[in-house]
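Inspection log for the structure reproduced underneath, given as structure tokens.
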Amino acid sequence: MTYRAQTMLRWTRPAVGGLADLGRHAGFSGRVLWHVPHALARHRRHVVRLIGEISFGSASLLAGGGTIGVIFAMSAVASTQIGLEGYRGLELLGLQPMTGLMSALINTREIAPVVASIALAAKVGTGFTAQLGAMRISDEIDALDAMSVPSLPFLVSTRMVAAFVSVIPLYLIGLFASYAATNLAVVELRGQSPGTYDYYFHLLLNPADVGYSLAKAVVFAMMITLVHCAHGYHATGGPEGVGRASGRALRTSIVAVAVLDVLLTIAFWGLRPTLPGLGA
């Protein structure tokens, strides 16, 4: 092989490897979704147990063992900052009474779905990667296949169903926390009139926006589950490999959430979004 051919091979190898990984993950995702009915029919108890683990964890809720507390806390902190900084910015323009508009728009369409998805990726997704990776390197997945128990429906499709069921109440809790935190920051901390805040908040809050926001959260949760389970299911290299797989999965899911957020926002509200209640 000539030097030029070796150079071209060295430069193209990462791209070819990336395309191969993309194809492997796409095929994995398709097989996981195909086996969802099988998982619902054969492994309902396992799905229920996973729902409990996702929502409440193995520890008590007060000890922060579940995702409910994480999503509630992260949504509240992020939305408190939205209220404080938004009020300050609008005050410079003399428009501080319209902070309620900003809360209804930004929390619903962007902040709540993204914060909830990041919490799911960090809390639930990395747990899925570690669990499946540990089973892979200890040959437990191969043992299931050897015992004629299809590992993909039992280990991955059940987690997909559990994530889908769990994300809806979890996200609604996070959305409530974001609304309550912004209201607290603007009304109680900055002293805005409750009536003024509520008027502008309800003027812009649209049930359709809440539905689209929930749809974004569900899509993010499905994508996060697929990414993290794929990295864990195909983990290699012992405990160190499981750690690398968890890191790669978290990076991939966060970047994918950012890209999907832009695409879904354009798909749901367009390049020139309208503001209900304002005629704009």
Side-chain angles (χ1 to χ4, degrees), residues 55 61-62 64 66-123 167-221 254 257-258 260-262 264-280:
S55 301
L61 180 61
L62 294 177
T67 312
I68 290 180
V70 176
I71 290 182
F72 188 92
M74 290 182 62
S75 299
V77 170
S79 298
T80 299
Q81 289 298 107
I82 291 294
L84 294 175
E85 296 301 324
Y87 184 92
R88 180 175 178 273
L90 292 174
E91 189 179 26
L92 297 176
L93 303 174
L95 298 175
Q96 63 270 24
M98 302 185 70
T99 310
L101 293 175
M102 183 190 63
S103 171
L105 180 68
I106 298 177
N107 283 331
T108 305
R109 296 188 180 185
E110 299 297 335
I111 295 299
V114 172
V115 169
S117 63
I118 292 175
L120 284 172
K123 181 69 173 62
V167 71
I168 297 175
L170 289 175
Y171 173 68
L172 293 178
I173 290 173
L175 187 62
F176 169 77
S178 66
Y179 290 155
T182 306
N183 185 296
L184 178 66
V186 175
V187 175
E188 300 298 333
L189 299 181
R190 299 308 301 263
Q192 187 177 101
S193 168
T196 301
Y197 178 90
D198 290 340
Y199 171 77
Y200 284 107
F201 176 78
H202 292 292
L203 181 66
L204 196 60
L205 185 63
N206 187 2
D209 285 355
V210 177
Y212 289 144
S213 179
L214 178 60
K216 288 176 71 172
V218 170
V219 172
F220 293 160
I254 290 177
V257 164
L260 278 176
D261 182 57
V262 174
L264 290 177
T265 297
I266 294 174
F268 291 152
W269 294 287
L271 292 174
R272 299 181 63 185
T274 58
L275 300 180
L278 297 182

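In this chain, residues are counted from 1 in sequence order. This is a predicted model, so every value here is computed, not measured.
- The shortest non-hydrogen separation linking I168 to V218 is CG1-CG2, 4.2 Å.
- The shortest non-hydrogen separation linking A217 to V167 is O-CG2, 3.9 Å.
- How far CG of D198 is from CG of L203: 12.0 Å, rounded to the nearest 0.5 Å.
- Using modelled atom types and a 3.5 Å distance limit, the side chains of T182 and N107 yield a donor-acceptor pair.
- Checked by atom type and distance alone, the side chain of S117 pairs as donor or acceptor with a backbone atom of V114 at under 3.5 Å.
- Atom OG of S79 is separated from atom CZ of F176 by 12.0 Å, given to the nearest 0.5 angstrom.
- The aromatic rings of Y179 and F201 sit perpendicular, their planes meeting at an angle over 60°, well past the 30° parallel limit.
- Residue K216 comes nearest to P113 through the heavy atom pair CB-CB, 4.3 Å, listed as atom of the first residue, atom of the second, then distance.
- Within the model, atoms OG of S103 and CG of N183 stand 7.5 Å from one another, a figure rounded to the nearest 0.5 Å.
- Proximity of L184 to T80: side-chain heavy atoms (C-beta onward) are nowhere separated by under 4.5 Å.
- A pairwise comparison of heavy atoms in T108 and L175 identifies CA-CD1, 4.2 Å as the closest pair.
- In this structure, OG in S178 is found 11.5 Å from CD1 in I71, a value given to the nearest 0.5 Å.
- Under the 4.5 Å side-chain criterion, counting only non-hydrogen atoms from C-beta, F268 is not in contact with S213.
- Using a 4.5 Å heavy-atom cutoff, the side chains of T99 and Y200 are not in contact.
- D261 is listed as a side-chain neighbour of F220, based on a closest heavy-atom distance under 4.5 Å.
- V210 places a side-chain heavy atom less than 4.5 Å from the side chain of L205.
- Distance check: R109 CZ to T265 OG1 gives 9.0 Å after rounding to the nearest 0.5 Å.
- One finds the NE2 atom of H202 at 12.0 Å from the CG atom of L101 (value rounded to the nearest 0.5 Å).
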